[in-house]
Engineer: 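Structure provided below as structure tokens; questions to follow.
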Amino acid sequence: MGVLPKNLFKKPNNPLENYDKSKTYSPDVPSEMCIPCPACKAILFNSELTENSHVCPKCGFHFRINPRQRLHLIADEGTFEEFDANMRSRNLIDFPNYDRKLKHALLESGSKEAVVCGRAAIGGFACCLFVMDPYFMVGSMGTVVGEKITRLFEYATEHSLPVVGFTVSGGARMQEGILSLMQMAKTSGAVKRHSDAGNLYAVVLTDPTTGGVTASFAMEADVTIAEPGALIGFAGPRVIEQTIRQKLPNGFQRSEFLYEKGFVDVILKRTEQKQYLTTLLSLHQKGEPANGRV
Amino acid sequence: MDAYERVTNARAKGRPTGLAFIRNLFEDFLEMHGDRRFGDDSAVVAGIARLDGMPVTVIALERGVDTKDKIERNFGMAHPEGYRKALRQMKLAEKFGRPVVCLVDTSGAYCGIGAEERGQGLAIAENLMEMMTLKTPVLSILIGEGGSGGALGLAVADEVWMLENAVYSVISPEGCASILWKDPSKVKEAAACLKLTAEDLLGLGVIERIIGEEDGNFDAVYDLLRGEIAATLRRNRELPIDELLQRRYDRFRKIGAGK
């Protein structure tokens, strides 16, 4: 009898069985026609998603969006005037591969940095606006983000304008070392001066807002709004799990959790935000007699 | 000495911790406990003391000396109530016109369920905002490890000094190595990349002074510090408060402001 092949009893390879089961969909929107919702797995047309403010019409999952999409939803058409649009990061401490990462971030996001700042009108009310970009190094804060935010608050203080901000950030940008950390103090100083001058600052926390941004200007607003289901915290969930060596409970650090703990004024769906912000701004107009009464 | 050796020195067993500095630098130290909101965080030691005849408020991050002490103090990793205790004492310092001295030594603010539930990010953010406009001189000295936001939460000051072997960084070298190279053993390379030594930070304009460690003779260090701290606080106390606050704002404003 001849020698039997070693793999006689081995099941033949079936490519259909070997797909990566652990793979989860990342909540971004590629350019294809259709996209599955990461939450309910419904297959959605890109066009219906765009029409619905990039919120799943089936389950209400909020897809991450870039600053251009956000501005389109929030600012009155044609009113946005960008500040410091060409400010670019440099490799200030010669961090390995940072230049390459910046180039990649530019290509991936189509943005020059992780925040877009400027002035605009929302429902007819003038304000300063900043919108962070989840696709530019996960909205991390380096010196350019810190500088742009600081300049925006300084401008708003000088012109007695309210600031409306949309945060999304993985935290301070490691590749700029201690200089990133210092941006937390710098931006906080500018927010404080804006606040002390009696101006309104409203923030919308979107998925994810963590680290050095949470520990600075994301948590320093007069009115704190959160998008449903957004991850909001100081430490990332993985870091916490490693520190305490246990699994975190479901929903930990989500908007609803922060709301329950008293850190958020209101959770607003993306479709409700513009109307809410319009009313909020109207209630903070300076020099108006209360409710129009004399 | 390379960057990682500094990290090792900053963390070394037997290195004087916050309380040792308090005992050796100040007289009549009265410790004040609690944040009046949740509890008392023993990773933060705060109180009133006298320096060269002058009443001051002292706040230190304390990592603990022996094992029992370290566990009790959570290895110097503060919870939100620690930052709130510090802020409460700073507000009292402002009320009574006492200068504030912060002694920073922590691997970072604690990352845990309770810390998140009680608003770790908010607690640090509030300290950054309030310290920027605290109407009394503030001096922060990094005496060991300066771990990210947890250190910065006590280091928004008119001047920031570092001991020769102290380090100050946006992320720990271990954290950086595992993100950058997916390999926590490359801490030495990471430490060098992060530019976290006192010399690096002086060059980057992030600190004002390096305090020499006199080859580990800390009695000499205390003698030097006592005089230097008192002189600096007195000098800053002479400034009109608006000017002091403008200088403090500008101190941070210029970091990363381009040319």
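Heavy-atom basis, side chains included; hydrogens, waters and symmetry copies ignored. In the text below, chain A, chain B and the rest are named by the order of the sequence lines, each starting its count at 1. The shown structure was predicted, so the numbers you read here are calculated from the model rather than taken from an experiment.
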Engineer: Would a distance-only check, ignoring hydrogens and angles, find a side-chain to backbone donor-acceptor pair under 3.5 Å from B:Asp35 to B:Phe38?
Structural biologist: yes

Engineer: So which of A:Val144, A:Val213, A:Thr150 has the biggest tally of heavy-atom pairs under 4.5 Å with chain B?
Structural biologist: A:Thr150

Engineer: Output yes when a side-chain donor or acceptor of B:Asp158 lies under 3.5 Å from a complementary backbone atom of B:Leu139, and no otherwise.
Structural biologist: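 It does not hold such a pair.
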
Engineer: What part of B:Ile255 is in contact with chain A, defined as an atom under 4.5 angstrom from a non-hydrogen atom: side chain, backbone, both or neither?
Structural biologist: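 Interface part for B:Ile255: both.
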
Engineer: Chain B heavy atoms under 4.5 Å from A:Ala190: which part of the residue, side chain, backbone, both or neither?
Structural biologist: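 Both the backbone and the side chain of A:Ala190 come within 4.5 Å of chain B.
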
Engineer: Please state whether the side chain, the backbone, both or neither of B:Ser169 comes within less than 4.5 Å of a heavy atom of chain A.
Structural biologist: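 Backbone of B:Ser169 only, per the 4.5 Å heavy-atom cut-off to chain A.
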
Engineer: Using 4.0 Å as the upper bound for N to carboxylate O, is an ion pair formed by B:Glu81 and B:Lys85?
Structural biologist: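 Between B:Glu81 and B:Lys85 there is no salt bridge, as every charged N stays at least 4.0 Å from the carboxylate O atoms.
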
Engineer: So, is the end of the A:Arg193 side chain (NZ or CZ) under 6.0 Å from the ring centre of B:Tyr249 and within 45° of the ring's axis?
Structural biologist: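 Yes, cation above the ring, under 6.0 Å and within 45°.
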
Engineer: Measuring heavy-atom distances to chain A, does B:Ile113 have an atom under 4.5 Å in its side chain, in its backbone, in both, or in neither?
Structural biologist: both

Engineer: For the candidates A:Thr143, A:Asp94, A:Ile232, which exhibits the highest count of non-hydrogen atom pairs separated by less than 4.5 Å from chain B?
Structural biologist: A:Thr143

Engineer: Roughly how far, to the nearest 0.5 Å, is the CG atom of B:Asn74 from the CZ atom of B:Arg63?
Structural biologist: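 The CG atom of B:Asn74 is 11.5 Å from CZ of B:Arg63, to the nearest 0.5 Å.
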
Engineer: Do you know which of B:Val156, B:Leu204, B:Ile171, B:Leu152 has the most heavy-atom pairs with chain A at a distance under 4.5 angstrom?
Structural biologist: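 Among B:Val156, B:Leu204, B:Ile171, B:Leu152, the one with the most close pairs to chain A is B:Leu152.
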
Engineer: Could you have a look at B:Glu189, B:Met129, B:Gln120 and say which one has the most heavy-atom pairs with chain A under 4.5 angstrom?
Structural biologist: B:Met129

Engineer: Between A:Glu227 and A:Arg70 (salt bridge meaning N to carboxylate O under 4.0 Å), is one present in this structure?
Structural biologist: yes

Engineer: Between the side chain of B:Thr57 and the main-chain N/O of B:Val100, is any donor-acceptor distance below 3.5 Å?
Structural biologist: no

Engineer: Let me know which of A:Tyr155, A:Phe153, A:Phe130 forms a ring pair (Phe, Tyr, Trp, His ring centres under 6.0 Å) with A:Phe83.
Structural biologist: A:Tyr155

Engineer: Check each atom of A:Leu248 against the heavy atoms of chain B and say whether the ones under 4.5 Å are side chain, backbone, both or neither.
Structural biologist: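 It is the side chain, since no backbone atom gets that close.
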
Engineer: Side chain, backbone, both or neither: which part of A:Asp196 has a non-hydrogen atom closer than 4.5 Å to chain B?
Structural biologist: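 Just its side chain gets close to chain B.
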
Engineer: Identify which of A:Lys186, A:Lys261, A:Met219, A:Gln242 forms the greatest number of heavy-atom pairs closer than 4.5 Å to chain B.
Structural biologist: A:Lys186

Engineer: Which atoms of B:Arg118 are under 4.5 Å from chain A, going by heavy atoms: the side chain, the backbone, both sets, or neither?
Structural biologist: backbone

Engineer: Charged N to carboxylate O below 4.0 Å: is that the case for A:Arg64 and A:Asp207?
Structural biologist: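 Here A:Arg64 pairs with A:Asp207 in a salt bridge, since their nearest N and O are under 4.0 Å apart.
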
Engineer: Which one of B:Ala192, B:Gly149, B:Ser148 has the most heavy-atom pairs closer than 4.5 Å to chain A?
Structural biologist: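 Winner by heavy-atom pair count: B:Ser148.
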
Engineer: What residue in A:Phe95, A:Phe217, A:Phe234, A:Phe252 has the most heavy-atom pairs under 4.5 Å with chain B?
Structural biologist: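 Heavy-atom pairs under 4.5 Å are most numerous for A:Phe234.
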
Engineer: Quick check against the 3.5 Å criterion: does A:His194 have a side-chain atom that pairs as donor or acceptor with the backbone of A:Leu161?
Structural biologist: yes

Engineer: Under a 4.5 Å cutoff for heavy-atom pairs, which residue among A:Leu92, A:Ile93, A:Leu179 has the most contacts with chain B?
Structural biologist: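 Of A:Leu92, A:Ile93, A:Leu179, A:Ile93 has the most heavy-atom pairs under 4.5 Å with chain B.
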
Engineer: Give, as side chain, backbone, both or neither, the part of A:Glu154 having an atom under 4.5 angstrom from any heavy atom of chain B.
Structural biologist: side chain

Engineer: Salt-bridge test for B:Arg11 and B:Glu174: reply yes if a basic N is under 4.0 Å from a carboxylate O, no otherwise.
Structural biologist: yes

Engineer: Name the region of A:Gln253, side chain, backbone, both or neither, that has any atom closer than 4.5 Å to a heavy atom of chain B.
Structural biologist: side chain

